Number of protein chains: 2
Amino acid sequence: MEIKPTDSELEILNILWENGPSTVRDVHDVLERSKDAGYTTTLKLMQIMHDKKLLVRDETARSHVYTANISQQKTQGQLVKKFIDNVFNGSASQLVMQALGNHKANRQELDEIKQLLAEMEKKMKNR
Amino acid sequence: MEIKPTDSELEILNILWENGPSTVRDVHDVLERSKDAGYTTTLKLMQIMHDKKLLVRDETARSHVYTANISQQKTQGQLVKKFIDNVFNGSASQLVMQALGNHKANRQELDEIKQLLAEMEKKMKNR
DNA sequence: TTTGTTTTACGAAAACCTTCGTATGTTTGC
DNA sequence: GCAAACATACGAAGGTTTTCGTAAAACAAA
């Protein structure tokens with residue numbers, strides 16, 4: 001099952017993942033803070049995402065309540081995989097180098113990454 | 001200066017970065033191995049990329065010779081930045097975790113990343 | 001020279017994404 | 001009840017990307 005949300009769709013998915021089930025109005029209010037778009041634009045986008053099964057909705061109330069129908073984890077995973085293939089010819093570590101090199105991570109983030117690396121090393125030895 | 005090649009354009013850029021200056025025929029032959037597209041499609045794409053200044057070309061010979069006009073480094077950097085913003089709300093380390101978690105890097109790659117991490121830590125302390 | 005191959009240029013169709021206007025129906029508050 | 005506010009549905013315009021057919025020019029070989 002291929003997942004490839006567009007940039008606009010990703011914006012909406014991010015809001016839904018963050019805030020949980022929301023109406024078009026809810027999403028639009030968040031979107032409006034960073035973007036300039038009409039209400040019906042957001043509505044239309046979410047309707048199309050519903051058609052594409054990216055969202056499910058509860059039509060009980062007049063204001064439909066939308067929920068993301070794909071997990072953030074899985075979506076990010078697929079997008080990263082595709083990105084690595086397209087941009088780094090399949091080399092994950094090259095992507096990591098780029099990401100770490102250009103963006104300064106803070107102490108906590110560095111510690112988390114170090115820990116992950118340590119775990120990966122352990123797994124490699126145990127084989 | 002905003003750079004945002006499409007996926008198709010990126011395929012061509014990757015070939016040019018890999019192989020150096022090439023004719024449309026050269027690029028198309030490579031492309032054909034992994035994709036199914038007509039020659040004029042590749043031609044048109046490269047002409048458009050030329051219009052967009054993504055490529056430069058030498059028209060001396062009948063078969064024009066195209067060269068990438070943006071560096072792989074810089075392009076990857078911009079794409080990673082945009083990707084992190086869109087998909088991981090700006091958190092580079094989250095991307096790193098995803099990339100490292102799902103794709104298994106080999107020993108050498110792990111070492112390179114460890115070294116990079118060490119350097120970043122050193123820089124943090126010296127401040 | 002003539003025929004066939006290769007190349008560029010160009011137009012246009014098809015698909016997709018984004019945006020918005022308008023119609024229509026529902027709800028709320030006075 | 002009625003006007004104002006709010007919601008959905010829908011069509012269509014405008015933009016971009018991808019694809020391909022066709023024409024014209026350059027070249028190669030017989």
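Chain identifiers are assigned alphabetically (A, B, ...) following the order of the sequence lines, protein sequences preceding nucleic acid strands; residue numbering begins at 1 within each chain. Computed from a predicted structure; not experimentally measured. Heavy atoms only: backbone and side chains are in, while hydrogens, waters and symmetry mates are out.
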Could you write out each protein N or O paired with an N or O of nucleotides 7-10 of chain D at a distance under 3.5 Å?
residue, atom, partner, partner atom, Å
dA7(D), OP2, R25(A), NE, 2.8
dA7(D), OP2, R25(A), NH2, 2.6
dA7(D), O4', R62(A), NH1, 3.1
dT8(D), OP1, H64(A), N, 3.1
dT8(D), OP2, Y39(A), OH, 2.8
dA9(D), OP1, R57(A), NH2, 3.4
dA9(D), OP2, Q47(A), NE2, 2.9
dA9(D), OP2, R57(A), NH1, 3.3

Determine, for E112(A) against K114(A), whether the closest basic-nitrogen to carboxylate-oxygen distance falls under 4.0 angstrom.
no
Between E9(B) (side chain) and L45(B) (backbone), is there a donor-acceptor pair under 3.5 Å?
no
Pairing residues for D29(B) by the salt bridge (charged side-chain N to carboxylate O under 4.0 Å, His left out) criterion, not counting sequence neighbours
none
Looking at side-chain heavy atoms only, is the closest gap between W17(B) and I70(B) below 4.5 Å?
yes
Answer yes or no: does atom NZ of K4(A) have more than 12 heavy-atom neighbours from other residues, nucleotides or ligands under 6.0 Å?
no
Examine distances only and state if a side-chain atom of S22(A) and a backbone atom of G20(A) form a donor-acceptor pair shorter than 3.5 Å.
yes
Joint cluster assignment, V65(B) & V30(B), ILVMFWY side-chain distance < 4.5 Å
no
Which residues pass the salt bridge (charged side-chain N to carboxylate O under 4.0 Å, His left out) test with D7(B), not counting sequence neighbours?
K82(A)
Using whole Å, what does the distance between atom C1' of nucleotide dT18(D) and atom CG of L10(B) come to?
16 Å
Within one Ile-Leu-Val-Met-Phe-Trp-Tyr cluster: V56(A) and L43(A), side-chain cutoff 4.5 Å
no
Quick one about Q98(B) and Q73(A) (side-chain donor to acceptor, distance below 3.5 Å, no hydrogens or angles considered), yes or no?
yes
Hey, is the main chain of E11(B) close enough, under 3.5 Å, to the side chain of N86(A) for a donor-acceptor pair?
no
Got a list of protein N/O to nucleotides 13-17 of chain D N/O distances below 3.5 Å?
residue, atom, partner, partner atom, Å
dT17(D), OP2, K52(B), NZ, 3.3

Under the 3.5 angstrom rule, does the side chain of T40(A) hit a backbone N or O of G38(A) as a donor-acceptor pair?
no
Could you run down the sub-3.5 Å N/O contacts of the protein with nucleotides 1-3 of chain D?
none

Going 5' to 3' on DNA chain C, which nucleotide is the first and which the last to come under 4.0 Å of a heavy atom in chain A?
dC17(C) to dT27(C)
